[in-house]
Amino acid sequence: AKPVDRDPNHLEGLKLSRTVLNLDEYLPALLTQISNKWSRGSSRIFIKKFGVGINEWAVMSMLAVEPRITANRVSGVIGMDKAAVGRSLRDLEVKGLVLLEPNATDGRSKLITLTTAGYKMHDAIIKIALAREKRALSSLKPNEVSELRILLNKVRASVVEMQKEG
């Protein structure tokens, strides 16, 4: 291992003309910070109260919106890595919260549905999730919340298009 230069003046005399990010203005960093902090806080609450984390909750919420779908569909819509969706589904299945059935149109995939217990847990968690959303957005006026949603949906659409480009 190469020793690290610990001299605080080691950059003296170098021309430092590189561009650096302002993390309060660079939107990918800002969105990541908000998402990570919001998700971590929610996950701690969900694990403590229900024994499921934010990834499992994301999968459950997708299955409540669109029952009898494949893991691939879940991954594509919520933007979660396929491996993470698979791990979440295994955890949810072990806990009796989802049912995986053979897919008649594609023998390689399974159709996933929330069980009765899964729907009951979903209905309990969604109350907390919506209350946390309301609290997080409480400093905004209703029209600002609407505008924020519109703007974020536009950005999401652009990001989806960027993904198609490679």
Using modelled atom types only, decide if a donor and an acceptor are shared between the side chain of T70 and the backbone of K110 within a distance under 3.5 Å. no
Might you point out which heavy atoms bring I78 and A58 nearest each other, and give the distance in Å? CD1-CB, 3.9 Å
Scan side-chain atoms only and decide if S88 and N55 contain a donor-acceptor pair under the 3.5 Å cut-off. no
Atom CZ of R68 and atom CG of L111: how far apart are they, to the nearest 0.5 Å? 5.0 Å
Please check: side-chain N/O of S138 versus main-chain N/O of R135, any donor-acceptor pairing under 3.5 Å? yes
Approximate separation, where rounding is to 0.5 Å, of K82 NZ and L89 CG: 13.5 Å
Kindly give the heavy-atom pair with the smallest separation between T105 and N103, and that separation in Å. OG1-OD1, 2.8 Å
Would you call E161 and K164 a salt bridge, using N to O less than 4.0 angstrom? yes
Which pair of heavy atoms, one from P67 and one from A64, lies closest together, and at what distance? CD-O, 4.2 Å
Mind checking whether I126 and M62 sit in one hydrophobic cluster, side chains of I, L, V, M, F, W, Y counted as touching below 4.5 Å? yes
With rounding to the nearest 0.5 Å, note down the distance linking CD1 in I125 to CD1 in I45. 11.0 Å
Do L63 and L99 belong to the same hydrophobic cluster, where Ile, Leu, Val, Met, Phe, Trp and Tyr are linked whenever their side-chain heavy atoms lie under 4.5 Å apart, directly or via other members? no
What about L23 and V155, same hydrophobic cluster or not, with Ile/Leu/Val/Met/Phe/Trp/Tyr joined at side-chain heavy-atom distances under 4.5 Å? no
Where the side chain of S35 meets the backbone of L31, is there a donor-acceptor pair that is under 3.5 Å apart? no
Just to verify, what does N36 make a side-chain contact (heavy atoms from CB on, under 4.5 Å) with, not counting sequence neighbours? T32, R40
Nearest-0.5 Å distance, CD1 of residue I112 to CE of residue M60: 13.0 Å
Got a sec, which residues hit salt bridge (charged side-chain N to carboxylate O under 4.0 Å, His left out) with R149, two or more places apart in sequence or on another chain? E133
As an exercise, state the distance from CG of L114 to CE of M121, rounded to the nearest 0.5 Å. 10.5 Å
Keeping the roles fixed (side chain from K49, backbone from I128), state whether a donor-acceptor pair exists under 3.5 Å. no
Correct closest heavy-atom pair for A117 and G96 would be CB-O, 4.0 Å
Under 3.5 Å, is there a donor-acceptor pair between the side chain of Q33 and the main chain of L30? no
Side-chain heavy atoms under 4.5 angstrom apart, residues restricted to Ile, Leu, Val, Met, Phe, Trp, Tyr: same cluster for V159 and L152? no
Check: L97 main-chain N/O paired with T115 side-chain donor or acceptor under 3.5 Å: yes
Steps toward side chain to side chain contact (heavy atoms under 4.5 Å, CB included) verdict (V59, V98): CA-CA 10 Å; V59 171; V98 297; 5.6 Å; no
Pairs where residues 97-140 contributes a residue and the test ring-ring contact (aromatic ring centres under 6.0 Å, His included) is met, not counting sequence neighbours: W57-H122
I need the R156 CZ to N153 CG distance, nearest 0.5 Å. 4.5 Å
ILVMFWY cluster, V52 and L130 together (side-chain gap under 4.5 Å): yes
